[in-house]
Amino acid sequence: MSQTTGASYASAGVDIEAGDRAVELMKEWVKKTQRPEVLGGLGGFAGLFDASALKRYERPLLASATDGVGTKVDIARQMGVYDTIGHDLVAMVMDDIVVCGAEPLFMTDYICVGKVHPERVAAIVKGIAEGCVLAGCALVGGETAEHPGLLGPDDFDVAGAGTGVVEYDRLLGADRIRSGDAVIAMASSGLHSNGYSLVRHVVFDRAGMTLDQQVDELGRTLGEELLEPTKIYSLDCLALTRTTDVHAYSHITGGGLAANLARVIPDGLHATVDRSTWAPGAIFDLVGKTGQVERLELEKTLNMGVGMMAVVPADSVDAALTTLADRGVESWVAGEITERGAHTTGAELVGDYAK
C-alpha cells in the first residue's frame with residue numbers, strides 16, 4: 001500500500017526555521033539603533049516607544065511617512081550585495097519626515113522574499129540599522145515575509161514606515177516662505193532611489209551594458225555606481241534648523257527637482273533654480289546621452305545631482321552654508337524666491353548646467 005507524505009508549510013515553500021535564524025542574525029544590528037525611549041527587544045508583536053518623551057513639547061505634532069526603494073532592489077539582487085539597500089530605505093522615509101522639521105524617532109521595516117536566506121535577510125537589516133543610526137532614529141521592529149510562488153528564490157523587496165515629532169510652532173513649510181528667500185541645494189550621492197526603471201531600460205535594454213562593466217566616466221563599474229546608497233540628510237537638516245532660520249525643505253525624489261520644490265512653494269510665489277550653479281554627476285550625463293533622453297525628461301525623473309533643498313532668508317545663507325560645510329555636506333545657493341508672475345508656475349529650472 002503506497003503512502004503519501006502530508007503537506008506542510010515547509011513543503012509549500014515557507015521555512016519557519018530559516019526565518020527564526022534570520023531574526024537571530026539581525027538582532028545585533030537592531031540593537032545599534034536603540035534610543036532611550038525604546039522598550040523591550042526584537043521579537044515582540046509590536047515595537048514600543050515611550051511617548052512620555054514627548055512631554056517636553058508644548059504641542060507635539062507626529063509626522064509619519066512610508067516608502068520603498070523601487071526597482072533599485074534588482075541591482076542589489078543581481079550584484080549579490082544586500083547591506084546597502086537599507087540605507088536607501090531609511091533615506092526615502094526619514095528624509096521625507098525631516099522636511100517638515102520633524103526629528104525622526106523610530107522606524108519599522110517590511111522585507112518580502114521568495115525564499116528566506118538568513119544571512120541575506122540579516123544583511124538587508126544591517127543596512128537598515130546603519131541607516132537608522134545615520135538618521136538618528138530607532139529601528140523598533142519589522143516583518144520578514146516569505147512568498148514562494150509569487151517571488152523567485154532570490155527575489156526580494158523592502159518597504160518601511162517611520163515616525164517623527166516636531167513642535168507645532170516650529171513646523172516648516174510653505175507658509176513660512178517669503179519673496180527674497182534663497183534656495184540652497186545639497187548635493188546628492190548619485191541617483192538615489194528614483195528613476196531606476198528609466199535607468200535600467202537605458203543601460204541594459206538599449207545600451208546592452210553590464211553591471212561589472214568598468215565605465216571610465218564614472219571611475220568605477222556600472223554596478224557600483226547604480227548601487228551607491230542614497231544620502232541621508234536627516235541629522236544635517238535638523239542641525240541646520242538649529243543654527244539658521246530655515247523656512248522649508250524639499251526632498252528631491254520621484255518627479256524631479258522642480259516638481260518637488262514646487263510642493264513647498266505657496267500660491268503667489270515662485271522659485272527659480274539656476275542650472276549653471278552646479279554640474280550634475282557623470283551618471284546623469286551617461287543616462288541622458290546613452291538613452292537619448294531629453295533634458296526635461298531627465299529632470300522630471302532624476303534628481304540631477306541635488307538630493308535636498310532648503311529655503312532660507314537671504315541673510316541666513318552664509319550661516320546655512322557654513323553649517324552644512326562643517327557637516328561635510330556639499331551645498332550652494334541655487335536659486336531664489338520671487339513674486340509669481342502671470343505665466344510662472346511654482347518652480348522652474350533656468351539656464352544651462354555648468355560643465
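Excluded from the calculations below are hydrogen atoms, water molecules and symmetry mates; all remaining heavy atoms, backbone and side chain alike, are included.
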d(Met186 CE, Asp236 CG) to nearest 0.5 Å is 7.5 Å
With side-chain contact (heavy atoms from CB on, under 4.5 Å) as the test, would you mind laying out the steps for Asn194 and Met92 before giving the verdict? CA-CA 10 Å; Asn194 296 107; Met92 301 311 291; 3.5 Å; yes
In one Ile/Leu/Val/Met/Phe/Trp/Tyr side-chain cluster, 4.5 Å: Val312, Val333: yes
Are Leu286 and Val306 joined in one hydrophobic group, where the rule is that I, L, V, M, F, W and Y side chains link up if heavy atoms are under 4.5 Å apart? yes
Would you find a donor on one side and an acceptor on the other, under 3.5 Å apart, between the side chain of Asp109 and the backbone of Ala159? no
Over 12 non-hydrogen atoms of neighbours within 6.0 angstrom of CD in Gln213: yes
For the pair Tyr196 (side chain) and Leu226 (backbone), establish whether a donor and an acceptor sit closer than 3.5 Å, ignoring hydrogens and angles. yes
Salt-bridge test for Asp169 and Arg59: reply yes if a basic N is under 4.0 Å from a carboxylate O, no otherwise. no
Met308 side chain reached by Val329 side chain, heavy atoms, under 4.5 Å: no
Look at atom CD of Glu58 and say whether more than 12 heavy atoms of other residues, nucleotides or ligands are closer to it than 6.0 Å. no
Are Leu261 and Leu302 connected in the hydrophobic side-chain network, where two residues link if heavy atoms are under 4.5 Å apart? yes
With side chains defined as the heavy atoms from C-beta onward, is the minimum distance between Val113 and Leu151 less than 4.5 Å? no
Determine whether more than 12 heavy atoms belonging to other residues, nucleotides or ligands lie under 6.0 Å from atom CZ of Arg263. no
Any side-chain to backbone donor/acceptor pair from Thr66 onto Gly160? Under 3.5 Å, distance only. yes
Quick check for you: to the nearest 0.5 Å, what is the distance between Ile75 atom CD1 and Leu222 atom CG? 7.5 Å
Pairs involving residues 207-246, ordered by first then second residue, that meet ring pair (Phe, Tyr, Trp, His ring centres under 6.0 Å) (sequence neighbours left out): none
Using modelled atom types only, decide if a donor and an acceptor are shared between the side chain of Ser250 and the backbone of Met309 within a distance under 3.5 Å. no
Tell me whether Asp154 at atom CG has more than 12 heavy atoms from other residues, nucleotides or ligands lying less than 6.0 Å away. yes
So does Ala187 get a backbone contact from the side chain of Trp278, meaning a donor-acceptor N/O pair under 3.5 Å? no
Is there a side-chain contact between Asn260 and His251 in this structure, where contact means two heavy atoms from C-beta onward sitting under 4.5 Å apart? no
At their closest point, which heavy atom of Ala63 faces which heavy atom of Cys100, and how far apart are they? CB-SG, 3.9 Å
Side-chain polar contacts of residues 79-90 - donor-acceptor pairs under 3.5 angstrom, sequence neighbours left out - could you list them?
| residue | atom | partner | partner atom | Å |
| --- | --- | --- | --- | --- |
| Tyr82 | OH | Arg120 | NE | 3.4 |
| His87 | NE2 | Glu130 | OE1 | 3.1 |
| Asp88 | OD1 | Lys72 | NZ | 2.7 |
| Asp88 | OD1 | Ser193 | OG | 3.0 |
| Asp88 | OD1 | Thr230 | N | 2.9 |
| Asp88 | OD1 | Thr230 | OG1 | 2.6 |

Between Phe284 and Leu298, which heavy-atom pair has the shortest distance, and what is it? O-CD1, 4.0 Å
Could you go through the side-chain contact (heavy atoms from CB on, under 4.5 Å) check for Lys115 and Glu146 one step at a time? CA-CA 6 Å; Lys115 178 178 175 58; Glu146 195 170 22; 3.9 Å; yes
Are any side-chain N or O atoms of Asn303 and backbone N or O atoms of Gly190, one a donor and one an acceptor, separated by less than 3.5 Å? yes
Correct closest heavy-atom pair for Ala135 and Ile232 would be CB-CG2, 3.9 Å
Shared hydrophobic cluster, Leu171 / Met94 (ILVMFWY, side-chain heavy atoms < 4.5 Å): no
Between Val165 and Pro60, the two heavy atoms sitting closest are CG2-CB, 3.8 Å
So that I can tick it off, tell me whether Glu299 and Arg275 are bridged by a salt bridge, with the cut-off set at under 4.0 angstrom between side-chain N and carboxylate O. yes
Flag, side chain of Ser189 to backbone of Lys231, donor-acceptor distance under 3.5 Å: yes
ILVMFWY network linking Val273 to Trp332, side-chain heavy atoms under 4.5 angstrom: yes
Interatomic spacing from CE in Met107 to CD1 in Ile128 - rounded to 0.5 Å: 6.0 Å
Does Leu321 reach the side chain of Ile184, with side-chain heavy atoms less than 4.5 Å apart? yes
Can you name the closest pair of heavy atoms from Gln214 and Gly219 and give their distance? NE2-C, 3.6 Å
Testing the basics here: between Phe204 and Gln78, what is the closest heavy-atom pair and its distance to 0.1 Å? CE1-NE2, 4.2 Å
Separation of Asp155 CG from His147 NE2 (nearest 0.5 Å): 12.5 Å
With side-chain hydrogen bond (donor to acceptor under 3.5 Å, both in side chains) as the rule and sequence neighbours excluded, what pairs involving residues 175-186 come up? Asp181-His247
Rounded to the nearest 0.5 Å, how far does CD of Glu294 lie from NZ of Lys300? 9.5 Å
Give the intermediate values and the outcome of side-chain contact (heavy atoms from CB on, under 4.5 Å) for residues Asp285 and Glu217. CA-CA 9 Å; Asp285 191 50; Glu217 305 97 285; over 6 Å; no
How about Tyr249 and Thr241: do any of their side-chain heavy atoms sit closer than 4.5 Å? yes
Heavy-atom distance under 4.5 Å between the side chains of Ile337 and Val183, does that happen here? yes
Carefully, step by step, assess Leu238 and Glu103 under the rule side-chain contact (heavy atoms from CB on, under 4.5 Å). CA-CA 7 Å; Leu238 291 177; Glu103 174 193 357; 4.2 Å; yes
Give a yes or no on whether a salt bridge exists between Arg220 and Glu228, defined as a side-chain N under 4.0 angstrom from a carboxylate O. yes
Short side-chain to backbone donor-acceptor contact, Glu224 and Thr221, under 3.5 Å: yes
Working to the nearest 0.5 Å, report the span between CG of Leu235 and CG of Leu240. 12.5 Å
Indicate yes or no: at least one non-hydrogen side-chain atom of Glu143 is less than 4.5 angstrom from one of Thr108. no
Asp95 side chain near Ser234 side chain, heavy-atom distance below 4.5 Å: yes
